[in-house]
Structure formats: structure tokens, C-alpha cells
Participant: 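Quick one: the structure is below, and I'll ask about it shortly.
Computed from a predicted structure; not experimentally measured.
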Amino acid sequence: MAKQLKKKKKIWYTILASKEFNNFIIGETTSSSPNSLIGRKIKVPLSELIKNPKKQNLSITFSITQVKENADTEIVNYELSSSFIKRIVKPGKDKIDDSLIFKTKDDITIKVKPLLITKSKTKKSILALLRKKTRAVLKEN
């Protein structure tokens, strides 16, 4: 006879958004131990958090930081959907992408990816100048 494995009973946990969103309920999950939830990521459209359908192109990723009766989260990522960016950048316009890494005053490393879209086709020299000015403005703050 094969040995029977004893399964741990799983418990339902409510996942709450961070304090910036007034601990809004963003979902539920099951787990056999609360420690296994820590580090899990949940991606939620901003339109669900603020009840504004116009913000459906933005999404926020939360990471579970601690678990008591509920799972508390913090914001990890804030992004525009790629389909939205493709819809904005039409023929006859230029898109300027960049990627910068900064350290905040509270010693957190963040990656900022600014997106600039021109009104019409632009010379490469002007695009390079715009990218340089954007970096300067972001470094000031």
C-alpha cells in the first residue's frame, strides 16, 4: 500500500492595496502558510482601483509584503499598456524612449522610463536634445 500524504489545509487571504489606495481590496488567494505569500505580485488595472474607466490603460503591480489576517502590499511597478502606446504613436510622429536608474532619498532604487511623443516628424538632433533635457529635468528632482 502506498503511503498517504497529509495535505495542509489552505486558508483564504484577502489582498489589500497599499495605503495610497486606502487599503482597497484587490483580490483573494489561498495558501497553506502565510509566509509563502510574501513576494507574490499582483497586477491590477488602475481603473479598478479608482473606479474611473478612463484609466484602463494604466496598470499597477503590487507585491505582498506581510500577511496577518489580510495580505498587505506595496507598489512595485506603474506602467502604460503597450497597446495604448502603439495607438498614440501614429505615423507622422516620433517617439522618444529612455531608461534611467535613480536612488530616492530613502535609499530605494527605482527605474524611470520616460516617454515623449512629438507632434510631427522631428530631426534626429532635436530628438537627442529632447532626450538630454528630459534626463536633466529628472535628475534635478
Side-chain angles (χ1 to χ4, degrees), residues 2-141:
K3 289 185 180 180
Q4 296 227 339
L5 296 173
K6 202 173 196 183
K7 288 187 178 181
K8 287 187 177 181
K9 184 172 170 118
K10 292 188 176 184
I11 301 170
W12 281 93
Y13 293 96
T14 303
I15 303 170
L16 303 176
S18 60
K19 64 182 181 213
E20 291 87 4
F21 296 102
N22 298 323
N23 296 328
F24 183 81
I25 297 172
I26 57 176
E28 292 181 332
T29 188
T30 60
S31 178
S32 56
S33 74
N35 292 336
S36 66
L37 289 177
I38 294 175
R40 280 194 196 174
K41 293 186 168 86
I42 300 98
K43 192 173 188 177
V44 181
L46 185 60
S47 60
E48 284 184 24
L49 292 171
I50 62 173
K51 303 293 184 204
N52 184 354
K54 291 182 179 180
K55 302 293 183 187
Q56 67 186 352
N57 300 313
L58 298 165
S59 62
I60 298 179
T61 305
F62 294 96
S63 177
I64 297 176
T65 54
Q66 64 177 338
V67 180
K68 294 176 185 168
E69 307 90 54
N70 299 320
D72 296 326
T73 59
E74 66 179 14
I75 296 174
V76 176
N77 192 5
Y78 177 86
E79 64 183 327
L80 287 168
S81 67
S82 59
S83 61
F84 178 68
I85 294 171
K86 287 176 187 173
R87 199 166 50 243
I88 290 176
V89 183
K90 295 180 179 172
K93 295 183 178 185
D94 283 320
K95 178 175 88 166
I96 304 168
D97 287 325
D98 206 357
S99 182
L100 306 162
I101 297 175
F102 294 108
K103 270 208 187 271
T104 60
K105 290 178 183 175
D106 51 348
D107 204 37
I108 297 173
T109 304
I110 60 170
K111 186 184 285 188
V112 179
K113 294 186 174 186
L115 171 70
L116 293 124
I117 300 169
T118 62
K119 195 173 182 180
S120 60
K121 282 288 184 188
T122 311
K123 292 182 181 178
K124 297 283 183 189
S125 60
I126 303 293
L127 295 176
L129 184 64
L130 282 170
R131 182 178 285 116
K132 187 176 176 183
K133 292 269 185 180
T134 303
R135 284 182 174 205
V137 168
L138 288 173
K139 284 182 183 176
E140 282 179 15
N141 299 327

Participant: Quick check: does any side chain N or O of Asp94 sit under 3.5 Å from a backbone N or O of Thr122, one acting as donor and the other as acceptor?
Facilitator: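 Present.
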Participant: How close do Lys119 and Lys93 get, counting heavy atoms only, and between which atoms?
Facilitator: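 Distance-wise, the nearest heavy atoms are O-CG, 3.8 Å.
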Participant: Measure the shortest side-chain to side-chain distance between Asp97 and Leu115 over non-hydrogen atoms and say whether it is less than 4.5 angstrom.
Facilitator: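 When only atoms from C-beta onward are counted, Leu115 and Asp97 do touch, with a gap below 4.5 Å.
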Participant: Run the side chain to side chain contact (heavy atoms under 4.5 Å, CB included) check on Leu127 and Leu116 step by step: do they pass?
Facilitator: CA-CA 9 Å; Leu127 295 176; Leu116 293 124; over 6 Å; no
Participant: Find out whether Leu58 and Leu80 are in side-chain contact, i.e. whether some heavy atom of one side chain is under 4.5 Å from a heavy atom of the other.
Facilitator: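 Yes. Closest side-chain heavy atoms under 4.5 Å.
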Participant: Provide the closest heavy-atom pair for Ile75 versus Phe21 in the form atom of the first, atom of the second, distance.
Facilitator: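 In terms of heavy atoms, the two residues are closest at CD1-CE1, 3.8 Å.
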Participant: For Pro53 and Ser47, work out which heavy atoms get closest and say how close.
Facilitator: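 It is CA-CB, 4.1 Å.
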Participant: To the nearest 0.5 Å, what is the distance between CD (Glu20) and CD (Glu74)?
Facilitator: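 Rounded to the nearest 0.5 Å, the CD-CD separation comes out at 9.5 Å.
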Participant: Any side-chain heavy atom of Asn52 within less than 4.5 Å of one from Leu46?
Facilitator: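 The answer is no; the side chains never approach within 4.5 Å.
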Participant: From Lys10 NZ over to Thr29 OG1, what is the distance, rounded to the nearest 0.5 angstrom?
Facilitator: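 Output value for this atom pair is 8.5 Å.
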Participant: Tell me, do Thr134 and Asp98 make a side-chain contact under 4.5 Å, heavy atoms counted?
Facilitator: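 No; the side chains remain at least 4.5 Å from each other.
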Participant: Nearest 0.5 angstrom please: Leu130 CG to Ser125 OG, how far?
Facilitator: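 Nearest 0.5 Å value for the CG-OG distance: 9.5 Å.
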Participant: Once you round to the nearest 0.5 Å, how far does CD1 of Ile110 lie from OH of Tyr78?
Facilitator: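 Reported to 0.5 Å precision, the distance equals 14.0 Å.
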Participant: Any idea which heavy atoms bring Lys51 and Phe24 closest together, and the distance?
Facilitator: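 Looking at all heavy atoms of both residues, the shortest contact is NZ-CZ, 3.7 Å.
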Participant: Could you grab the distance from atom OG1 of Thr73 to atom NZ of Lys19, nearest 0.5 Å is fine?
Facilitator: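 Thr73 OG1 to Lys19 NZ: 11.0 Å, rounded to 0.5 Å.
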Participant: Counting distance only, does the side-chain N/O of Thr61 pair as donor-acceptor with the main-chain N or O of Val76 below 3.5 Å?
Facilitator: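 Judged by distance alone, no pair lies under 3.5 Å.
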Participant: For a quick test of reading the model, state the closest non-hydrogen atom pair linking Asn23 to Leu16 and the distance between them.
Facilitator: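 Here Asn23 and Leu16 meet closest at O-CD2, 3.6 Å.
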Participant: Is any side-chain heavy atom of Ile38 less than 4.5 Å from a side-chain heavy atom of Asn35?
Facilitator: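 A side-chain contact under 4.5 Å exists here.
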Participant: Does some side-chain heavy atom of Tyr13 sit less than 4.5 Å from a side-chain heavy atom of Ile15?
Facilitator: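 No. Closest side-chain heavy atoms not under 4.5 Å.
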Participant: What I'd like to find out is whether the side chain of Ile85 reaches to under 4.5 Å of the side chain of Lys95, using heavy atoms alone.
Facilitator: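 The answer is yes, as the side chains (C-beta and beyond) meet within the 4.5 Å cut-off.
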Participant: So with a 6.0 Å cut-off around CD1 of Ile25, is the heavy-atom count from everything else above 12?
Facilitator: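 Result for CD1/Ile25: open.
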Participant: Could you give me the CA-CA distance, side-chain angles and deciding distance for Ile60 and Phe62, then say whether side chain to side chain contact (heavy atoms under 4.5 Å, CB included) is met?
Facilitator: CA-CA 6 Å; Ile60 298 179; Phe62 294 96; 3.7 Å; yes
Participant: Are the side chain of Thr109 and the backbone N or O of Asp107 linked by a donor-acceptor pair below 3.5 Å?
Facilitator: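 It does not hold such a pair.
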Participant: Got Lys41 and Asn77 here, is their nearest side-chain heavy-atom distance under 4.5 Å?
Facilitator: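 With C-beta onward as the side chain, the pair stays apart.
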Participant: Nearest 0.5 Å, please: how far is CG in Asn22 from CD1 in Ile50?
Facilitator: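 Rounded to the nearest 0.5 Å, the CD1-CG separation comes out at 12.0 Å.
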Participant: Where do Ser59 and Lys43 come nearest, in terms of heavy atoms and distance?
Facilitator: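 What the structure gives for the nearest pair is OG-CE, 3.3 Å.
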Participant: Using a 6.0 Å cut-off, check whether atom NZ of Lys139 has over 12 heavy atoms from anything other than its own residue.
Facilitator: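 Incorrect, the count does not exceed 12.
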